[in-house]
Amino acid sequence: MAIKVGMVSLGCSKNLVDSERMLYKLRSHGYKLVTEPGLADVAIVNTCGFIKSAKEEAIETILELGKLKEDGTLKKIIVTGCLAERYKDEFAEQFPEADAVVGIGNTRDIVDILDRVLADERYVNFAPKLEAELCGERIISTLPFFTYLKIAEGCSNCCTYCAIPLIRGGKVSIPMEKLVKEAQSLADSGVKELTLIAQDTSAYGTDLYGKPMLAELMRRIAKIDKLHWIRVLYSYPNTIDEELVDTMVADPKIVNYIDIPIQHIDPDMLKAMNRHGSAEHIREITDYIRRTAPDFILRTTVITGFPGETEEQFGHLTEFLKEHSFDRLGAFAYSQEDDTPAADMPNQIDEDVKQRRLKRIMSLQQGISLAYNKKRIGTVTEALVEQVSGDIAYGRTYAEAPEVDGTVMFSIKNKGLKPGDFTMIKLTGAGPYDMEGEEI
């Protein structure tokens, strides 16, 4: 009987791509994949270690799997990913229930690692980060008609609050020809919406080609016939320029949606965070996008309670968000991460102050998002169907990125409509996150 393997992929979509590559290798070597770890013989946890809440989730997951192992439901546990990479041997010592603890450079050898633990070997190993697999076959674990294309690994920005360069290393862009080939393969497998991701997508190619090449990459991928939508997330503002925006507006396959994590707008805060670029450029490029394409969807992320943030500086951020508002916004209270420069900065902010500021930002944004969505009522747009239930469908338009934004519920006329289809709808109702409509 085939050994059953379950994967728990935590954290971001970039981590998910790594998990999908491991799943392909395991299936190719005869292991049976199951969706519930409780039904598996071996559970693999691909951890996230970005902020405190992500660490806590990873630890809770491992402990829960440990209980399944104790009662005999589960035989073996393998732990990898960012949290394991970050704390290495210390992590292996703290979690004896894990039969293997390996780094991100070891995931290419997941079959050998699984064979080792099944032979009752406890395996702890951390291969060099540069051995992390950048390309390769995958098993798509999202809905089959959309997925992610990771265009680079690591990050070289070295923001003072962020541990990603410590965990993943500096930025390594994947050669364009390999990405186009992978995108073609994904399209051939039925993918219709492809979302380009990296720690910093807009800086793609600077290490390979001497300049940002995201615009050129998108132009090439847009030539793939079977792809319908191309989307971009995680673009740092300093490398977003007019050429990139113009490329997105000009090609109908590239949806007019971009995620620009600004983190703050106060110049002193940006400097303390070691954010490249300036507050002026953030204003200029967002204004340019609004002038060029008024229906362009802008998403951002901000941090509240960074060390030394005064009420006045927080006020600069809230005022900016009122005057240069974003359609979508995610916010995080600053998390004091080990070994980052910001962790040792003076004037750390009390947790209750961080959370109070976070609530104020999210309350402000709720009103902004609602206002934007109400403006869309009455417009006709294309929707990607994700679920059909009787006469009702659930899906997304270009304005909603998968897994991070809301959904659109709409009545349907076409009884043959199925998940993965595109159809035209009229938007009829709006909330701050989700919308309603009807097929036309």
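Values below: every heavy atom of this structure, side chains too, minus hydrogens, waters and symmetry copies. Owing to the predicted nature of the structure, the values given are computational and were not obtained by experimental measurement.
- In this structure, the side chain of Ser185 does not engage the main chain of Glu182 through any donor-acceptor pair within 3.5 Å.
- With hydrogens and angles disregarded, no donor-acceptor distance shorter than 3.5 Å links the side chain of Ser173 to the backbone of Tyr204.
- Aromatic ring pairs are classed by plane angle as parallel below 30°, tilted from 30° to 60° and perpendicular above 60°; the pair Phe326 and Phe320 is tilted.
- The aromatic ring centres of His264 and Phe306 sit 6.0 Å or more apart.
- With sequence neighbours excluded, the residues satisfying side-chain hydrogen bond (donor to acceptor under 3.5 Å, both in side chains) with Asp200 are Asn157, Ser202.
- The two residues Glu85 and Ile104 have their closest heavy-atom pair at OE1-N, 2.9 Å.
- Under the salt bridge (Lys or Arg N to Asp or Glu O under 4.0 Å) rule, Glu400 has a single partner from Arg231, Arg328, Arg299, which is Arg328.
- A cation-pi geometry, defined here as NZ or CZ lying under 6.0 Å from the six-membered ring centre and within 45° of its normal, does not hold between Lys55 and Tyr87.
- In terms of the salt bridge (charged side-chain N to carboxylate O under 4.0 Å, His left out) criterion, residue partners of Lys25 (sequence neighbours excluded) are, by chain and number, Glu133.
- A donor-acceptor contact shorter than 3.5 Å is absent between the side chain of Asn274 and the backbone of Thr160.
- Remark: the backbone N or O of Asp352 is not paired with any side-chain donor or acceptor of Asp350 at under 3.5 angstrom.
- Taking every heavy atom of both residues into account, Leu358 and Ala331 meet most closely at CD1-CB, 3.4 Å.
- For the pair Arg275 and Tyr161, the cation-pi test (distance below 6.0 Å, angle within 45°) is failed.
- Evaluated for a side-chain hydrogen bond (donor to acceptor under 3.5 Å, both in side chains) with Asp18, the options Arg138, Lys150, Arg108 yield exactly one hit, Lys150.
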